[in-house]
Amino acid sequence: LVVGFCLLLGACSSLSREECAAMSWYNQGFADGEQGKGPDASKGYGESCGEYGIKVDQGEWQRGYKKGLELYCIPELAYRKGRDGEEYRGVCPNDETFLRQFERGHQEYRLAARLGELANAISQNEQDIYQLEQLIRKEGDSAQRDSYRYQRDRALRRDAALRDEYSRLRYPPRVIE
């Protein structure tokens, strides 16, 4: 279980002798293919296991990898992979169909990420405006109060710009055909 976890996450730098000896190269190839890893993914195993004189069964790994890719490369699943922000490494034989769906999903992922950034920026800016308004109320020095007002006005303009961008992205104009 630990071996599979290390290999799936790529977090372990090398495999032990026991892990290399017990490895099901077909299953590892299948897992690598199902994750959309590149065809050179087995090189790392070869380097790790080569230290112990154990060779990767490339035939078994390739056989498993091809079966795993069959699952990874289903165009109907490509949209979800893109929407979830996964990286695509160009491994699918039906690349054009897969990529079209993946890009559609990835475009939604980028939009959601930008909307999240904007929402965070709006929230932070609202806090800044509130703090500046508190400072304006408490400040006795008129020059400093004017400085705070200037900063608040800039923050208000920034707030309007952020909200405009958020609305434009969240509610794009619809073209009626």
Side-chain angles (χ1 to χ4, degrees), residues 1-128 131 158 162-163 165-172:
L1 183 61
V2 172
V3 175
F5 186 71
C6 288
L7 293 175
L8 291 176
L9 294 180
C12 301
S13 58
S14 64
L15 301 171
S16 71
R17 177 184 303 275
E18 293 78 23
E19 291 167 334
C20 289
M23 180 66 68
S24 165
W25 294 113
Y26 176 88
N27 288 343
Q28 189 57 53
F30 184 88
D32 291 342
E34 190 177 32
Q35 293 173 25
K37 291 184 178 179
D40 59 346
S42 67
K43 286 182 184 174
Y45 313 133
E47 292 169 7
S48 293
C49 295
E51 295 175 11
Y52 311 112
I54 299 172
K55 292 186 178 196
V56 172
D57 185 339
Q58 285 295 332
E60 279 299 291
W61 185 88
Q62 281 292 335
R63 212 167 57 80
Y65 180 74
K66 287 178 183 174
K67 282 292 185 191
L69 273 185
E70 287 177 14
L71 290 179
Y72 178 82
C73 294
I74 296 171
E76 292 78 14
L77 301 178
Y79 171 80
R80 182 189 50 79
K81 293 174 192 314
R83 188 193 65 217
D84 291 348
E86 292 183 24
E87 180 184 346
Y88 177 56
R89 296 176 184 93
V91 295
C92 295
N94 56 347
D95 199 45
E96 186 178 314
T97 305
F98 182 91
L99 192 55
R100 188 171 41 254
Q101 294 299 323
F102 181 86
E103 280 301 319
R104 203 176 110 236
H106 201 67
Q107 189 175 14
E108 260 190 52
Y109 170 78
R110 289 189 304 266
L111 174 63
R114 181 62 183 147
L115 288 172
E117 290 170 3
L118 289 168
N120 289 338
I122 289 168
S123 178
Q124 179 60 52
N125 202 53
E126 285 174 341
Q127 291 175 15
D128 294 346
Q131 289 173 351
R158 178 169 160 39
L162 289 169
R163 289 175 188 279
E165 183 179 356
Y166 184 91
S167 292
R168 184 177 48 78
L169 292 174
R170 179 73 177 95
Y171 309 105

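In terms of heavy-atom proximity, Gln58 sits nearest to Ser42 at NE2-OG, 3.1 Å. In terms of heavy atoms, Gly82 sits closest to Tyr109 at O-CB, 3.3 Å. The minimum heavy-atom distance linking Ile54 with Arg17 is given by the pair CD1-O, 3.8 Å. Taking both residues in full, the closest heavy atoms of Glu86 and Tyr72 are given as OE1-CE1, 4.3 Å, listed atom of the first, atom of the second, then distance. The two residues Cys49 and Leu15 have their closest heavy-atom pair at SG-CD1, 3.8 Å. Considering all non-hydrogen atoms of both residues, Leu71 and Leu77 come closest at O-CD1, 3.9 Å.
Atom-to-atom distance recorded for Lys55:NZ and Cys20:SG is 14.0 Å, nearest 0.5 angstrom. Atom CG in Leu99 sits 11.0 Å away from atom SG in Cys73 (nearest 0.5 Å). In this structure, CZ on Arg114 lies 15.5 Å from CZ on Arg170, to the nearest 0.5 angstrom. For the atom pair CG (Asn125) and CD1 (Ile122), the distance works out to 8.5 Å, reported to the nearest 0.5 Å. With values rounded to the nearest 0.5 angstrom, Leu69 atom CG is found 11.0 Å from Ile74 atom CD1.
Residues Tyr45 and Gln28 form a side-chain contact, since some pair of their non-hydrogen atoms from C-beta on lies under 4.5 Å apart. With a 4.5 Å cut-off on side-chain heavy atoms, Tyr26 and Lys67 count as touching. Between Arg100 and Glu96 there is a side-chain heavy-atom pair separated by less than 4.5 Å.
Looking at Tyr52, its side chain never comes within 3.5 Å of a backbone N or O of Ala21 through a donor-acceptor pair. A distance-only check finds a donor-acceptor pair linking the side chain of Tyr65 to the backbone of Lys37 [under 3.5 Å]. At distances below 3.5 Å, at least one donor-acceptor pair connects side-chain atoms of Ser167 with backbone N or O atoms of Arg163.
Other residues, nucleotides and ligands contribute at most 12 non-hydrogen atoms within 6.0 Å of the CD atom of Gln107. Crowding of Arg80 atom CZ: a count of heavy atoms from other residues, nucleotides or ligands under 6.0 Å exceeding 12.
With no hydrogens or angles considered, no side-chain donor-acceptor pair links Asn120 and Gln124 at under 3.5 Å. Judged purely by distance below 3.5 Å, without hydrogens or angles, the side chains of Tyr79 and Glu108 pair a donor atom with an acceptor atom.
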Give the intermediate values and the outcome of side chain to side chain contact (heavy atoms under 4.5 Å, CB included) for residues Arg110 and His106. CA-CA 6 Å; Arg110 289 189 304 266; His106 201 67; 2.6 Å; yes
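Ion pairing of Lys66 with Glu70 is absent here, as no side-chain N (NZ or NE/NH1/NH2) approaches a carboxylate O to less than 4.0 Å.
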